[in-house]
2 protein chains.
Amino acid sequence: MRADAKRNYDRIVEVAREVFREQGYDASLDEVAKRAGVGPGTLYRHFPQRENLLDAIMQSWVDRVTEAADKALAHEGPDRELLLDWFQEYVALISQHKGGPAKITSAMGDPDSPIITKCQVLAEANQRVIDRLRQGGALREDIETLQVCRLVGGIATVADQGDLDAPAVRPMLEVVADGLLR
Amino acid sequence: MRADAKRNYDRIVEVAREVFREQGYDASLDEVAKRAGVGPGTLYRHFPQRENLLDAIMQSWVDRVTEAADKALAHEGPDRELLLDWFQEYVALISQHKGGPAKITSAMGDPDSPIITKCQVLAEANQRVIDRLRQGGALREDIETLQVCRLVGGIATVADQGDLDAPAVRPMLEVVADGLLR
DNA sequence: ACCTGAACACCGTTCAAGT
DNA sequence: ACCTGAACACCGTTCAAGT
């Protein structure tokens, strides 16, 4: 990649992070291009689809995902607490930007999504937590981890779109946790 | 309302129902106006906000909602089956149009939404089912019915946006049902 | 009182012309 | 090889002019 191309690429990503933080994942790409000081064509050259840009932004995000799973797994205490801690982390992780829960959760089941690799990291992190509980025999067995992602993702989506705060989300996570534990 | 105004109103609603069925709740209003043979201004006069049009479309919907609740309550059998039957009906009812689950579920908590009266009918139908189970002492008590709507609405939203079919949704409903029952 | 349709703003997307 | 920015399409929304 040419030096000026790389510079533009980096600026776009940096600015996009800022704009998406302010306005959510559905923010105008025109705005991103303008703030980054590039023509719209340049943005489209680097990121043909909107989700390619999201993918670039989520680069640093994956580290936090695995860290959060590690932290949850280090939890000493009842299974229910461990699971709820993880769920809360999960919701926080995908709710970083408005529109994030919906986008990430629907990409989860779509192999062609540009952000699929990022979703897989999240799915694997969730898998590790679920497996740990399964080994202890604490979990029902007729449920796939993808379904768990969808359940928690659904709650996060509703919370995101209805502007609910963490205390309002908590009881819903408890219902799901209790439904999964046996 | 003048005769020609009423005629236009009715045509717009009729056409909108068709367009939304084909393209979902986010379909172009321009398209609706065109097919209805009216200018865009006419559509905006009758329905200043998009949701005002949704509200008009959902007019006949409320009957089906209460019928579904009646049917669920008539169910003779285990509580779990009754609850799951209702949940499946609930998902079907709000998933009539693409984008419906998200829109209806987020309007549920917003007193200013133009479709709030329709949402209330749904909330009351859900309330009746939940109350019935509560009376039997079958349900946990630390959960509000609004939360139940959000939980099931969240699952429907994820299913809608991820193009999941009923068999894929079922296990998620089971988790929620089991989490609610005690 | 109601309707029309031109007009504007905004956004996504493409592409010919430039360096 | 990459960038620019004009250009197009589409859509929501408004409003002056009409009946």
Side-chain angles (χ1 to χ4, degrees), chain A residues 1-57 97-100 102-103 106-107 112-115 161, chain B residues 1-57 97-100 102-103 106-107 112-115 161:
Chain A
M1 181 147 35
R2 230 165 61 179
D4 56 343
K6 169 148 180 50
R7 210 187 51 230
N8 279 331
Y9 181 101
D10 289 340
R11 289 187 61 170
I12 291 169
V13 172
E14 190 187 346
V15 166
R17 214 188 304 268
E18 188 181 304
V19 173
F20 289 159
R21 186 162 14 89
E22 290 171 17
Q23 309 180 18
Y25 272 156
D26 297 322
S28 158
L29 297 183
D30 230 51
E31 167 103 14
V32 173
K34 264 197 202 86
R35 280 209 215 174
V38 303
T42 304
L43 193 152
Y44 276 83
R45 159 167 276 266
H46 287 299
F47 309 100
Q49 295 175 49
R50 176 182 218 94
E51 302 214 328
N52 293 125
L53 183 50
L54 300 191
D55 189 65
I57 285 179
H97 302 94
K98 192 145 182 52
K103 210 140 247 165
S106 67
D112 297 332
S113 168
I115 62 169
Q161 289 168 359
Chain B
M1 182 148 33
R2 230 166 61 180
D4 56 343
K6 166 146 181 55
R7 210 186 51 230
N8 277 333
Y9 181 99
D10 290 341
R11 289 186 62 171
I12 291 170
V13 172
E14 190 187 347
V15 166
R17 215 188 302 269
E18 188 182 305
V19 173
F20 289 160
R21 186 159 16 87
E22 290 171 16
Q23 308 179 20
Y25 272 156
D26 296 323
S28 158
L29 296 184
D30 229 51
E31 167 104 13
V32 173
K34 263 197 203 86
R35 281 207 215 174
V38 302
T42 304
L43 194 152
Y44 275 83
R45 159 168 276 267
H46 287 299
F47 308 100
Q49 294 175 51
R50 175 185 219 96
E51 302 214 330
N52 293 125
L53 183 49
L54 299 191
D55 188 64
I57 285 181
H97 302 95
K98 191 147 182 53
K103 210 139 247 164
S106 68
D112 297 331
S113 168
I115 63 171
Q161 290 168 359

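As the structure is a prediction and not an experimental result, all values here were calculated from the model. Atoms considered below: every heavy atom in the structure, side chains included; atoms not considered: hydrogens, waters and symmetry mates. Chain letters run A, B, ... following the sequence lines, proteins first and then strands; every chain starts at 1.
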Non-neighbouring partners of N52(A) that pass side-chain contact (heavy atoms from CB on, under 4.5 Å), sequence neighbours left out: F47(A), P48(A), Q49(A), P114(A)
B/S/- contact track for nucleotides 6-12 of chain C, protein heavy atom under 4.0 Å: B----SS
side-chain N/O H46(A) vs dC2(D) OP1/OP2, d < 4.0 Å: no
Protein-nucleotide distance (R45(B), atom CZ; dT4(C), atom C1'), rounded to Å: 12 Å
Ion pair D26(B)/K98(B), N-O distance below 4.0 Å: no
Minimum heavy-atom distance L54(A)-K103(A), with the two atoms named: CD1-CD, 3.5 Å
Give me the distances for all protein-to-nucleotides 16-19 of chain D N/O pairs that come in under 3.5 Å?
none

Stem regions touching DNA chain D, defined by at least 3 consecutive Watson-Crick or wobble G-U pairs below 3.5 angstrom: C:4-8 with D:12-16, C:12-16 with D:4-8
With sequence neighbours excluded, residues passing side chain to side chain donor-acceptor pair (under 3.5 Å) with Q161(A): none
Set of residues satisfying side-chain contact (heavy atoms from CB on, under 4.5 Å) with respect to K6(A), sequence neighbours excluded: M1(A), D10(A)
Where V32(A) and I12(A) come nearest, the two heavy atoms and their spacing: CG1-O, 4.1 Å
Set of residues satisfying side chain to side chain donor-acceptor pair (under 3.5 Å) with respect to Q23(B), sequence neighbours excluded: none
Heavy-atom pair of closest approach, residues L29(A) and L43(A): O-CD1, 3.5 Å
Verdict with reasoning, T42(B) to Y9(B), per side chain to side chain contact (heavy atoms under 4.5 Å, CB included): CA-CA 9 Å; T42(B) 304; Y9(B) 181 99; over 6 Å; no
For E14(A), all residues meeting side chain to side chain donor-acceptor pair (under 3.5 Å), sequence neighbours excluded: none
Any residue of residues 3-16 of chain B with a heavy atom less than 4.0 Å from an atom of DNA chain C: D4(B), A5(B), N8(B)
Spatial distance of atom OG (S113(B)) from atom CG (D55(B)) [nearest 0.5 Å]: 8.0 Å
Y25(A): partners by ring-ring contact (aromatic ring centres under 6.0 Å, His included), with sequence neighbours left out: F20(A), H97(A)
Qualifying residues under side chain to side chain donor-acceptor pair (under 3.5 Å), relative to R35(B), sequence neighbours excluded: E18(B), E22(B), E31(B)
